[in-house]
Amino acid sequence: MLEIQNLHASVEGKEILKGINLHINPGEVHALMGPNGSGKSTLSNVLVGNPLYTVTQGTITFKGKDLLAMPAERRSHEGIFMSFQQPVEIPGVSMNSFLRAAVNAKRKYMGQPPISGAEFLKLIKEKRQLVGLDDSFTRRGVNEGFSGGERKRNEIFQMAVLEPVLTILDETDSGLDVDALRIVAEGFNKLRTPQSSAICITHYQRMLDYLRPDVVHVMLNGCIVKTGGPELANRIEEEGFDWLKNVEN
Amino acid sequence: MSSINQYIDLYLQHADLLNQGSHPLINAHRAAALSGLQTHGLPSRKDERYKYTDIDKALAPDYGLNLQRLSIPFSTRYQCRVPGMRSRLYHVVDDTLAGGDILDTPQIFVGPLTLFAERYPEKFKKYYDSESESGKSNALARLNTMLVQNGIVVFVAKGYKESDLLQFINLSAGGVPMLTNRRQLIILESGAEATILACNHSGSQIDHLTNEVVEVWQEEGSKLQYYTIDDTVASDSILNTTHIVQSAGSRLEYASITLSGGLARREVDIYLRGADASVQASGFVVGDGEQHVDNNLLVVHDAPACQSDVLYKYILDGQAVGAFAGKVYVSPGAEQTDSQETNANMCMSPEARMYTQPMLEIYADDVKCNHGSTVGQFNDNALFYMNQRGISPEDGRKLLQQAFAWDVIERIPLLPLRQRLMRMVESRFRLADSCNDCGICISKV
Amino acid sequence: MSQSPDNSIVRNIADKEYEYGFTTDVETEIIPQGLSEEVVRLISAKKGEPEWLLEFRLEAFRYWQTLEQPSWGHVDLPPIDYQAISYYADPRGKKRGPTEIDPELEKTFNKLGIPLNERLALSGVAVDAVMDSVSVKTTFKQQLAERGIIFCSISEAVANHPELVRKYLGSVVPYRDNYFAALNSAVFSDGSFVYIPKGVRCPMELSTYFRINAINTGQFERTLIVCDDGGYVSYLEGCTAPMRDENQLHAAIVEIVVCQDAEVKYSTVQNWYPGDKEGKGGVYNLVTKRGLLRGDRSKLSWTQVETGSAITWKYPSCVLKGNNSVAEFYSVAVTNNHQQADTGTKMVHLGSNTRSTIVSKGISAGHSQNTYRGLVRMGNRADGSRNYSSCDSLLLSPTCGAHTFPYVDVNNPTCVVEHEATTSKISEDQLMYCTQRGIPPEEAVALIVNGYAKDVLNKLPMEFAVEAQKLLSVSLEGSVG
């Protein structure tokens, strides 16, 4: 489903990714681990098309299509969803109008007519109940005045509404925030289908206890230096990343 | 040579004709206005309040005046109904009430200025142009007083609460470049209540300048909601002078929304003369093309324990120029003043210009006054977040613009009116210009 | 207690006189009062100036004659009789050589806390002491010269470094800039000159101390600071004047040129005689201060503590021409009795990615009027530039005035400008809280005011921050009500 080949990318002129290769099949959950500055977040930003990141070399194919040729919103329409580590506040834009715009943009891309008001409300209500959010929530501004936990719940709620095929869970630095991890991981598990895949970015084993990844990758200095099963994560938890530094060459 | 001279000459030549087409009580004020104009002339851009708009230039074209009181045909296609609200609709062509039922009861009068002068000369004398001699008149008000022939009066008697929305559709019309001097006199006696919506539209694409004076008198405990909307075309300019006097315990909610047009300048002076009076003034401007929108606000706290709350927002695109100057003046003795002023602006294009000047002048000590202003663009992170959720950059920007507007619109307490305004703003962001295309106003053609 | 705590303070506080109100009895050479081309020529001759400088003065003088005294500030500036002022006063006496210093003068500066003897001086601070129209002494000149730093009076600079003075004088504040700039350019007497060569960090604080002593004289300070590529200097200016019933005029120009990667910090503690409680006497402080951030990544920071003067009219400004240049303005202005202050800054952003910060704290008491006036302008090439301004006013009496007039002009859509201001009374809750804990009311006020001004005071060099704090408390004594 996702095929990354020899990906190089830079930010503000500095090369961060130095030749990433990654293959994800439908239904697989991959964990991406690695110390700060290893390039994990850059990879996720490149995948979703953040304009601050420049791809200098390599290809990304998603469901057989050239992902790098698509603007960020097209990637979203194709089914890529990023659960942001720190979701931004958008004061004044209500969750309702925001989600409706998102849903309609996707429908338009799929050649479907806009959703009717009644249908939309039904959809929202259904998904809201699925993730356990109350009614007042959707009338507030996007993430406006939300607590950390509420923001995470909101990410999962949007995931429920948009039904992505590939979810990127960016939890780079929230390793100590156990609640946030649990909300995101449990939310993902609940919404998961046999076809849906995920990339989970984290420092910590704890996140993976909830998610149970099929494959674990370790990144160092812009490259994936080791790929293995869940046992790899356990070793990192016990020994840290240092032992991998020798693997690099 | 100052462009005021052509109007002074015109007045000197045609005073008789002007007088014939008006009312003696209106005519009685012309001489003083003339002499004020002759003494003080027009303000220049060196005058603090006129820094951002060249009045002399605005008045320079050779505009005609409808001295003969010719009736100008107009279209009633502008209905502007607000769904879900009972309203009384009036069409005002230039300065003349052309459609809508005149109300003349002991509780309320809504009708032409000349009729009010005829029917209630004592009241007219008490309120009309009554502060011009205390040095509170400006050149544009003098020009209006010198040349005005008619206008609209809303009078609400003591304790009467008008529940219908009074809606005025002001149409600028005429087949040649015209100057209209329109007058609005709004009087709320003690405890009276009213809601007024004035929509300015263009009846043609021919250059038109409206020099409008609005005088508002709010006596003890009265409550007024006054909203004005400019939804005109580039050839239409408006210079507005609004003078509001509030007595003790009165409440005012004022909003001015400029969606489209040419030059629009409003000088709004609000005097809080009685204790515990309050005003909430709001403004929202969407400018593009060569629009020039200048809101110059003065809120004078003359009495203790008054509240003022000012919020103006601008979104500027194209080569639009926006200016906001808002001064809160706290007089000696106006203790327990509570005042807040915010001006927030977004420039969307390289050529858009914004000038902002929030001012405080304070001569009392027990006050709480805050003001703030910002000029900036939309948050890139917010835009990217929306992108990631599948919303295109353009749509994202529109959503953010609407949200930006919402703060201001939200302050309007009447839900149907608020919804109607929000829809107008939304449609303004969908279609670049010309109100004729927006389809909002034209509920019935 | 039936009165609110602040009311009782008025009664309790003993009035404190202006500490620096003494005069120095020294033989002073004063030229006759009056202003004419002859006087301009005389000043120039007394200073032994070259022809080009005399021309500069004369041009400025001729231009000044075509102008009228401005009236636009929020101050009530009475018409000044420019013919009743003497434009040159030299307290060095006639008999002494240029290297000797009159013991009376040395005593005066000692009394002001500015020892001119290098052994007694504050460590790490070099001082240029100016009394009336003349620089009396500049300390540590030799040590500085070893690093190529020039620190001397502007008169000396004209004599010894004419090429530098000629290149930069009037380059930031042209004589046509405004009425008082033209006047100063015609008759300026003394002030400091600083040149920091490329890549040199000035090892000590440089400071100029201005003192008006002679009666019926005006002081026309002229200071020029040039910081070449990669240089750094921190400069401090202090001033006092004796108590006199007549108003004295101080019309200064300060010009600063900051080159690429250079940084200048300019701090002022202004304590001119403010006049008495009835508003009689005091200095008219009418000053044009401006810095040109000429080079990329240059940095200029103005910090001012304004407590003195009957009338202050002063807007230390920054022209951010270099890309990525950074400008700051931190100000505390205290007005009491009948003082009037109209002060603030101008931040003119020309280069891209420039940053400016304005923090202004106004404290008004008595019958004083305290105005912040500021301009932030984003030019059309100032891509990505930002400004943040915060202007707060604290009111200590019902008869004072506090005004805020910020102007924001944005001509570039990629800029962000934020301005916020608050005006409020000194908190009765805070006063009550302090007094309940046993702090006497007058101390409580000083405490609260100092806390309020802390953001700015923190920007001062350490030695002066303490002084400034004391000054704030003293300025407000007998004022709160």
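All values reported here derive from a predicted model rather than from experimental measurement. A, B, ... follow the sequence lines: proteins, then strands. Residue 1 opens every chain. Just the heavy atoms: all of them, side chains too, but no hydrogens, waters or symmetry mates, feed the values below.
Nearest heavy-atom pair, C:Thr414 versus B:Gln377, reported as atom, atom and distance to 0.1 Å: C-NE2, 3.1 Å. Closest of all the heavy-atom pairs between C:Lys425 and B:Asp365 is CB-O, 3.1 Å.
For chain C, the option among B:Cys369, B:Cys347, B:Ala352 with the highest count of heavy-atom pairs below 4.5 Å is B:Cys369. Contact tally against chain C (heavy-atom pairs below 4.5 Å) for B:Ala323, B:Ser349, B:Gly376: the top residue is B:Ser349. Ranked by heavy-atom pairs shorter than 4.5 Å toward chain B, the options C:Ser424, C:Ala402, C:Gly401 are led by C:Ala402.
Counting non-hydrogen atoms of neighbouring residues, nucleotides and ligands closer than 6.0 angstrom, the CD atom of C:Gln69 exceeds 12 such neighbours. Other residues, nucleotides and ligands contribute more than 12 heavy atoms inside 6.0 Å of the NZ atom of B:Lys51. Under a cut-off of 6.0 angstrom, the local environment of CZ in C:Arg381 is sparse, with at most 12 non-hydrogen atoms contributed by other residues, nucleotides or ligands. More than 12 heavy atoms of other residues, nucleotides or ligands lie within 6.0 Å of CZ in B:Arg266, so this atom counts as buried by the packing criterion.
The NZ atom of B:Lys327 sits 4.5 Å away from the CZ atom of C:Phe405 when rounded to the nearest 0.5 Å. Taking CG from C:Asn380 and CZ from B:Arg353, the interatomic distance works out to 6.0 Å, rounded to the nearest 0.5 Å.
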- Task: Check the pair C:Asp409 / B:Tyr52 against side-chain contact (heavy atoms from CB on, under 4.5 Å), numbers first and verdict last.
- Result: CA-CA 10 Å; C:Asp409 297 354; B:Tyr52 306 116; 4.0 Å; yes

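Here the rule is side-chain contact (heavy atoms from CB on, under 4.5 Å) with B:Tyr355, and of C:Val410, C:Asn411, C:Val408 only C:Asn411 fits it.
Contacts between B:Glu351 and chain C at a heavy-atom distance below 4.5 Å are absent for every atom of the residue. Of the atoms belonging to B:Glu341, not a single heavy atom falls under 4.5 Å from chain C.
Looking only at side-chain heavy atoms (C-beta outward), C:Pro406 and B:Ser373 stay at 4.5 Å or farther from each other. Between B:Val367 and C:Leu395 there is a side-chain heavy-atom pair separated by less than 4.5 Å. Residues C:Thr404 and B:His371 have side chains in contact (heavy-atom distance under 4.5 Å, counting atoms from C-beta outward).
Using modelled atom types, one side-chain atom of C:His403 and one backbone atom of B:Ile362 make a donor-acceptor pair closer than 3.5 Å.
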